[in-house]
Amino acid sequence: MIDELEKQYSYIFEKELLLEISKIGVLKEVPEAFELIRAGQFVKSMPLLLNGVIKILRNDNDGEELLLYFLEKGDTCAMTLTCCLGETRSEIKAISETPTKLIMIPIEKMDSWLIKYKSWRNFVLNSYQNRFMEMLDAIDSIAFNKMDERLEKYLKNRAKVIDNNILFCTHQEIAFDLHSSRVVISRLLKSLENQGKIKISRNSIELL
C-alpha cells in the first residue's frame with residue numbers, strides 16, 4: 001500500500017503521514033456502480049482515491065437524484081469529511097463510476113492529523129474549497145443553463161474524468177444524473193448527434 005500512496009500522494013503528504021495512512025488505512029477495490037456511501041448512514045471512514053472515479057449525488061425528498069460532482073484519483077469528498085468531523089448522517093450518495101481502488105481512513109485519526117500535519121490540514125481545506133466550487137458550478141448549471149447546455153457539459157465532464165470519449169451509459173442513467181426524464185434526454189442526445197457532436201450506439205455515446 002505504501003508504494004501506491006507515495007505514487008499518488010507524495011507530492012501532498014509528508015512521509016510520516018503516508019506511513020500512518022498505510023498502517024491504519026483499509027485498502028478497498030470496488031467494481032463499477034458500487035454504492036460506497038448512501039444517504040442517511042453514519043460515515044465511519046473517509047476515502048482517499050488511488051485510481052478510478054466516484055460520482056457524488058444528492059437525493060431530494062422524492063428520492064430522485066442530482067449529480068453534484070466527480071471525484072478522481074488524489075481527491076477526497078468534502079461532504080464525507082463534514083459528516084466524519086461532525087459525526088452526522090450522510091447527505092449524499094457515493095457510487096463508483098469506474099472500477100475504483102481507494103483507501104478508507106477511520107475517522108478517529110482525522111482530528112489529530114489536522115493538528116499534527118500541516119499537509120493534512122491543507123489537503124482538507126483545499127478539498128472543501130474545490131468541492132464547494134464544483135457544487136456552485138452545478139447550481140449555476142441548473143439555474144442558468146438550458147437542459148441541452150447542461151447535457152453537453154455533463155457529457156464532456158464525464159468523458160474527461162474517465163479519460164475516454166466513449167461513454168458506456170444509458171439514457172435513463174443520464175436522466176437520473178441530470179434530474180430529467182429519459183424522453184427529454186433521448187431527444188436532446190439525438191439533436192446533438194444531428195449536429196455532429198456525438199455518435200449514439202447501443203448503451204454507449206461517443207463524443208466527436
Quick one: are N203 and F168 in side-chain contact, heavy atoms under 4.5 Å? no
Taking side-chain hydrogen bond (donor to acceptor under 3.5 Å, both in side chains) as the definition, give me every residue that meets it alongside K28, ordered by chain and number, with sequence neighbours left out. none
Holding to salt bridge (charged side-chain N to carboxylate O under 4.0 Å, His left out), I want the full list of residues that pass it with E29, two or more places apart in sequence or in another chain. none
Rounded to the nearest 0.5 Å, what separates atom CD1 in I200 from atom OG in S186? 7.5 Å
Which pairs count as salt bridge (charged side-chain N to carboxylate O under 4.0 Å, His left out) when at least one residue sits in residues 165-192, sequence neighbours excluded? K55-E173, K55-D177, R158-E173, R158-D177, K190-E193
So with a 6.0 Å cut-off around CZ of F70, is the heavy-atom count from everything else above 12? yes
Between the side chains of E16 and K116, is the shortest nitrogen-to-carboxylate-oxygen separation below 4.0 Å, so that they form an ion pair? no
Compute the ring centroids of F123 and F13, then answer whether they are less than 6.0 Å apart. yes
Is there a path from Y11 to W120 through hydrophobic residues (I, L, V, M, F, W, Y) whose side chains come within less than 4.5 Å of each other? yes
Spacing of OG1 belonging to T98 relative to CD1 belonging to I162, to within rounding of 0.5 Å: 8.0 Å
At their closest point, which heavy atom of M147 faces which heavy atom of L188, and how far apart are they? CG-CD1, 3.3 Å
Is any side-chain N of the basic residue among K153 and E149 closer than 4.0 Å to the acidic one's carboxylate O? no
To the closest 0.5 Å, what do you measure between CG (L167) and CG (L155)? 6.0 Å
Around atom CG of D163, are there more than 12 heavy atoms of other residues, nucleotides or ligands at under 6.0 Å? no
Shortest non-hydrogen contact from S10 to L18? CA-CD1, 4.0 Å
